[in-house]
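Report on the following structure.
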There are 2 protein chains.
Amino acid sequence: MEKTIQAIRFLGLDMINKANSGHPGIVLGAAGTIYELYTKFLNATPEDPEWFNRDRFFLAAGHGSALLYSTLHLAGYDIKIDDIKKFRLLNSITPGHPEYRHTPGVDSTTGPLGQGIAMAVGNALAESYLAATFNKTNFKIIDHYVYALCGDGDLQEGITLEAMAIAGRFKLGKLIVLFDSNDIQLDGPVSLANGDDIKQKVESMNWEYDIVEKPNDLETLNKAIEKARNSDKPSFIEVKSIIGYGSSNAGTSKTHGSPIGKEETTRMRKEFEYNYDEFEVPLEAYDEFKESFAKRGNHHYVKWNDQFTDYQKLYPEDAIQLKNIISGEIAIDFDLITPQVEATNEATRATIGKLIKDLSVHSKAMIGGSADLTASTKVKGINGDFDVDNRIGRNINFGVREHAMAGIINGMTLHNLKAFSGGFFIFSDYMKPAIRISALMNIPSIFIFTHDSVAVGEDGPTHEPIEQLAMYRAMPNINVIRPANANEVRHAFRYALSSKTTPNIIVLTRQNVPTTYKLDYETFSKGAFVVYDNHDFEAIILSTGSEVSLAIEVAKKLKEEKNILLRVVSFPSWELFEKQDKKYKELILPKGTRTVSVEMGSPLGWHRYADEVYAINEFGRSGNGDEVQDFFGFSVNKLFNYFLNK
Amino acid sequence: MEKTIQAIRFLGLDMINKANSGHPGIVLGAAGTIYELYTKFLNATPEDPEWFNRDRFFLAAGHGSALLYSTLHLAGYDIKIDDIKKFRLLNSITPGHPEYRHTPGVDSTTGPLGQGIAMAVGNALAESYLAATFNKTNFKIIDHYVYALCGDGDLQEGITLEAMAIAGRFKLGKLIVLFDSNDIQLDGPVSLANGDDIKQKVESMNWEYDIVEKPNDLETLNKAIEKARNSDKPSFIEVKSIIGYGSSNAGTSKTHGSPIGKEETTRMRKEFEYNYDEFEVPLEAYDEFKESFAKRGNHHYVKWNDQFTDYQKLYPEDAIQLKNIISGEIAIDFDLITPQVEATNEATRATIGKLIKDLSVHSKAMIGGSADLTASTKVKGINGDFDVDNRIGRNINFGVREHAMAGIINGMTLHNLKAFSGGFFIFSDYMKPAIRISALMNIPSIFIFTHDSVAVGEDGPTHEPIEQLAMYRAMPNINVIRPANANEVRHAFRYALSSKTTPNIIVLTRQNVPTTYKLDYETFSKGAFVVYDNHDFEAIILSTGSEVSLAIEVAKKLKEEKNILLRVVSFPSWELFEKQDKKYKELILPKGTRTVSVEMGSPLGWHRYADEVYAINEFGRSGNGDEVQDFFGFSVNKLFNYFLNK
């Protein structure tokens, strides 16, 4: 056992030394903790790293990647010694911080502190919901733990505190957080910046708190984990440790983020009587993982597969739903369930509210909620509130905790649910770090935002998005979709629900917008399309969201009154449009034609498509919504005059 | 007294009814609380709403704007009944949420929850620092309290919890938070989303906790505030209240965000025997505020002015520093203190570290720190760590709490300090909501970021900014400055320190960059300028930060080896460039010349200036910094070939 822990430590040190970059402190300090977790408790298998009912492990302290890669290597995941040697090298499977869908056995991308805990909370919530929804007497098809390992930094992040409050409120008993408590952070002793009584704080949020006082005391740790597994509350185990344990600078921040160096590592090998070369692993270490981790994991994996075979026979309908979830399919006949409408006039937030209701009946993958705004956003899951006594409730009351909401959505999406959040678009600011992680992980989280422009009106500039569309358009691997009306919302939501490797942001209005056209899903999926046209048009308006109907109205008036002929393009998603071929692009936006973008937001980025950018380059105003829009030039008259005079 | 409280309530209701928009719940529930605070405790004066030593009041629950405007009106601030009647109307001084520098007596912009508490913490920290720095025996020139009023939503936000931990750690005893505890939030009972033991939680963060159990029990509240004022810890007073008190829907979320309506308001007038018309205010209410609030405030104000006159005589040097702070001037001879350098090769993060040290000696306004990253960012205040026993320490250890850091910087800037934060640029994501508030408030907060591109290398995509430049360029009223070398950093920091109504973001490298040219401050302040030129250049490279030296190197090589002639423009700030006249713009970027932007970040926005955008439109990679840059095309050879082949 001791030799195996040393193998984790020295493999970690060796890879950091070779990369000349990395974080040895946590490798040395927490090797015993991760060893205990993987060899004694964690149910998972390298045979099928994405096994649906595996225990999850979130390395919230993502800078401990070397610790994780060492462990996964010993555990038999497809990470060879050669991969270990390529730690932090370009195009290796062992990057600086763990990346989901990049390295087998890595359950999430982490590094930015706080995200790991929030995702773990979301994953445990998903487990609880799925278990209640699909388990039957004698069929515990969903039944696993969610573990996380975090450091002091994680616990200082607001998102962690938000997420922990949620986990405590909903008694997510399968969640177990191991806190690697070494009293040191990057700039020195934790006490420089923190005076919290951590036990008291954790307990105030309705968590079970336990402590392992002595570093490397695995016997006590084992008991604490065992106890935590039997608690009906989420559990927090403070595991005292020594950062950089065994090195000359042990217990100081010097060991946090700089390589120990080969010389010192050689000295440590001697001191620990660890007689193995660089990157050499004692066979006993592999054997021990085989005998413990692999054996246990495979046993459970085989048993689960057998059980699931029987489950499919006995509960065919549930099995279909569950298999869809496992495969990420959304098997809904959208055209049938949510047919397009004609001539409605409703806020697109109202539309999404109805769609969620109608579609959720057909897919048990759909779960979500808002950050204390369901009454305003209409983004509300069905079957009542998820709660201790209603685990099948699909509406989650996140409280005013936007950031944790986004992290939890990611954690649920990592469990293959079609999880969606609701919020005012302005508060997407609070969620940015977590939304970025979803894009980085290539997972299809769904973020729905309402109150999408200065049309919000009375609430004023603190509540009126200006730069938010641009900021998300700048982010790689995410679709920003701003549908123009009820029919476009249908397709936008369908697109989001059908996505497998890209998160989607859907941006909706507070105010009513008219629906004046139908369009098929394929057209919508092209990201931009003509919604009003004239032969020999002299200019094209590119518009999104509520401004599309305004643009059409103006174009009609210009034709009627001044014989000025325009084309109007609804442009709900730049990202989808960019996927189209040149031919399609030029069909919509013929070269040499004057183009004018019309959008109530920052001009930033529009110059790519438009010769003239009709936008808002300042903060919003408090006032009546229509008056505020007019103030910024977004009224029929003002826009009409713009085209007349230009 | 009761009549005065009713005046606050009904004035609030009337303005919300007239606007047909607003939040009556908190007006009715918390009128007694704000009454008690303003009439019995708060030291401030309408004579000089910006008086430097006034007590501050942060309405963290910014949706209670009607409550604040009513109170300020009664208190004699320049908010007339006519202004009250224009509540939430376009261009009124009574917008939907309180706006700093827009309405007299409003100490900060609030609305997005959590921001108010963080700013209050920053303000109290500033008070503590300023008092220790400038007070003398018998001269308590800086000596005031910082009050905040918050609701349940605020306490759920991560930024609040981060900020409270900081306030507790540093024992900011002058900070008093009044928690309007009505057990209701927008979507219903708080218990839907929260199960925290708030007393335990608050105490775990080293705060004094007290509770006023009975709603509207001002006697107990008075004692609690008095006790809080004498505590050496920050104090948190939970004031139980009834949301929508007195209305038919009292105690329910129905009263939170929708007008009560005239009919119900009339009924309430009768029930409360409040025999005054709509917008009519009993003279006794004005009188009471005059006798209490105005009398006390003016007394202290006059006394302070007298004292300050004496202070200036006795301590002329301190007085000069303090007057500079009060006026927001940064009276430093930059050219003398931080002369330009020649031919250095250092990371721009290293440059800023030195500048902070050198300049801080000359200005006591300068204070700041990093979010547990001073060792990496080099952004560290002088005079040691700010702490309980070193209140003059100007380095603040924020811990891994980026969001609260930004809010605290805002709070200190609201106290006229030249406050600066340090962090990795990627973590600016966490700070976005607070940075936005600084821009909205027109205050010159300084946000310094390092590790500004994929050149970060080994730490990988979770730590490599891509879209961050674009997201801040999209934000109104903020300067994003990415200097190219040590001399540009000098000017960038000078610009930030000299700003009065605009926050500045300074974006710096982790890696070394050569300094190959000097330039004067005026040139730099134009935002874009030529740093390498040729007669008859055929194309212009627009570049920022570390890519400028790369661009110059490539341009030289192209000339030498291929006789291709280029101009290179360093373009540190779009916002500053946009302030220039057309003539200057065309001098730098002559029309009709081919332009190519070269920046290691999202292409978004560059099409405004560049025909070709050489950028990175995906997430970064983990690997050696140079290799990663080369991978994305940012090496001399790759860029050379680009110009050769295009």
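Throughout, a chain's letter reflects where its sequence line sits, starting with A, and its residues are numbered from 1.
- Of all the listed residues (B/Ser253, B/Gly605, B/Ala434, B/Gly460), the one sharing the greatest number of non-hydrogen pairs under 4.5 Å with chain A is B/Gly605.
- Looking only at atom types and distance, the side chain of A/Asp196 has no donor-acceptor partner in the side chain of B/Ser204 under 3.5 Å away.
- For A/Thr94, no part lies near chain B; criterion is any non-hydrogen pair under 4.5 Å.
- Your options are B/Gly96, B/Gly195, B/Ala19, B/Pro603, and the one with the most heavy-atom pairs under 4.5 Å with chain A is B/Gly96.
- Using a 4.5 Å heavy-atom cutoff, the side chains of B/Arg169 and A/Asn194 are not in contact.
- Tested against B/Asp459 for a side-chain hydrogen bond (donor to acceptor under 3.5 Å, both in side chains), the candidates A/His23, A/Arg88, A/His63 yield a single pass: A/Arg88.
- A/Arg401 places a side-chain N or O within donor-acceptor distance of the main-chain N or O of B/Ala193, the cut-off being under 3.5 Å.
- If you measure heavy-atom distances from A/Glu578 to chain B, you find no contacts under 4.5 Å at all.
- Both the backbone and the side chain of A/Glu203 come within less than 4.5 Å of a heavy atom of chain B.
- No part of B/Ser65 comes within reach of chain A, as not one of its non-hydrogen atoms sits under 4.5 angstrom from that chain.
- With respect to chain B, the highest number of heavy-atom pairs below 4.5 Å among A/Glu402, A/Met471, A/Gln200 belongs to A/Gln200.
- By number of non-hydrogen pairs under 4.5 angstrom with chain A, the leading residue of B/Leu186, B/Ile616, B/Asn91 is B/Leu186.
- Taking OG from B/Ser92 and CZ from A/Arg621, the interatomic distance works out to 11.5 Å, rounded to the nearest 0.5 Å.
- Contact tally against chain A (heavy-atom pairs below 4.5 Å) for B/Asn477, B/Leu113, B/Leu192, B/Leu161: the top residue is B/Leu192.
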**Request:** Run the numbers on B/Lys432 and A/Asp429 for side chain to side chain contact (heavy atoms under 4.5 Å, CB included), then give the verdict.
**Result:** CA-CA 6 Å; B/Lys432 169 73 170 37; A/Asp429 284 0; 2.8 Å; yes

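- Contact count against chain B (heavy-atom pairs under 4.5 Å) is highest for A/Glu157 among A/Glu162, A/Glu157, A/Glu99, A/Lys201.
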**Request:** Would you check, one step at a time, whether the test side chain to side chain contact (heavy atoms under 4.5 Å, CB included) holds for A/Arg436 with B/Phe619?
**Result:** CA-CA 10 Å; A/Arg436 187 177 211 259; B/Phe619 287 114; 3.7 Å; yes

**Request:** Check the pair A/His97 / B/His463 against side chain to side chain contact (heavy atoms under 4.5 Å, CB included), numbers first and verdict last.
**Result:** CA-CA 9 Å; A/His97 290 82; B/His463 284 57; 3.3 Å; yes

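- Heavy-atom distances place no part of A/Phe87 under 4.5 Å from chain B, backbone and side chain included.
- Neither the backbone nor the side chain of A/Pro98 comes within contact range of chain B; no heavy atoms are under 4.5 Å apart.
- The part of B/Asn617 that comes within reach of chain A is its backbone (N, CA, C, O), which places non-hydrogen atoms under 4.5 angstrom from that chain.
- Listed options A/Thr462, A/Ile396, A/Ile435 were ranked by heavy-atom pairs under 4.5 angstrom with chain B; first place goes to A/Thr462.
- Using a 4.5 Å cut-off between heavy atoms, A/Thr160 makes no contact with chain B at all.
- Of all the heavy atoms in B/Glu458 and A/Ser21, the pair that sits closest is CB-OG, 3.2 Å.
- For a residue to count as touching a neighbouring chain, one of its non-hydrogen atoms must lie under 4.5 Å from one of that chain's; by this rule A/Asn624 touches chain B with the backbone only.
- For a residue to count as touching a neighbouring chain, one of its non-hydrogen atoms must lie under 4.5 Å from one of that chain's; by this rule A/Ala163 does not touch chain B.
- A distance of 12.5 Å separates CZ of A/Phe398 from CD of B/Gln156, quoted to the nearest 0.5 Å.
- To the nearest 0.5 Å, the span separating CD on A/Glu627 from CG on B/Leu90 amounts to 6.0 Å.
- When the candidates B/Pro112, B/Gly399, B/Gly111 are compared by the number of heavy-atom contacts under 4.5 Å with chain A, B/Pro112 comes out ahead.
- Rounding to the nearest 0.5 angstrom, the gap separating the CG atom in A/Leu440 from the CD atom in B/Glu618 is 11.0 Å.
- Side-chain contact between B/Arg608 and A/Arg608: absent, with no pair of heavy atoms (C-beta onward) separated by less than 4.5 Å.
- Neither the backbone nor the side chain of B/Phe424 comes within less than 4.5 Å of any heavy atom of chain A.
- Counting only distance, with no hydrogens or angles, the side chain of A/Ser622 and the backbone of B/Pro95 share no donor-acceptor pair below 3.5 Å.
- Taking A/Asn206, A/Val202, A/Ile159, A/Ile426 one by one and counting their heavy-atom pairs under 4.5 Å with chain B, the maximum is reached by A/Ile426.
- Each of A/Thr109, A/Leu373, A/Ile166 has some count of heavy-atom pairs under 4.5 Å with chain B, and the biggest count is that of A/Leu373.
- When atom types are taken as modelled, the side chain of B/Glu467 and the backbone of A/Met475 share no donor-acceptor pair closer than 3.5 angstrom.
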**Request:** Apply the test side chain to side chain contact (heavy atoms under 4.5 Å, CB included) to residues B/Leu604 and A/Trp574: give CA-CA distance (whole Å), side-chain angles for both, the deciding distance (0.1 Å), then the verdict.
**Result:** CA-CA 11 Å; B/Leu604 203 99; A/Trp574 295 11; 3.6 Å; yes

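- Every residue two or more places apart in sequence or in another chain that forms a ring pair (Phe, Tyr, Trp, His ring centres under 6.0 Å) with B/Tyr430 is listed here: A/His403, B/Phe427.
- The greatest number of non-hydrogen atom pairs below 4.5 Å with chain B, out of A/Ala371, A/Ala375, A/Pro461, is found for A/Pro461.
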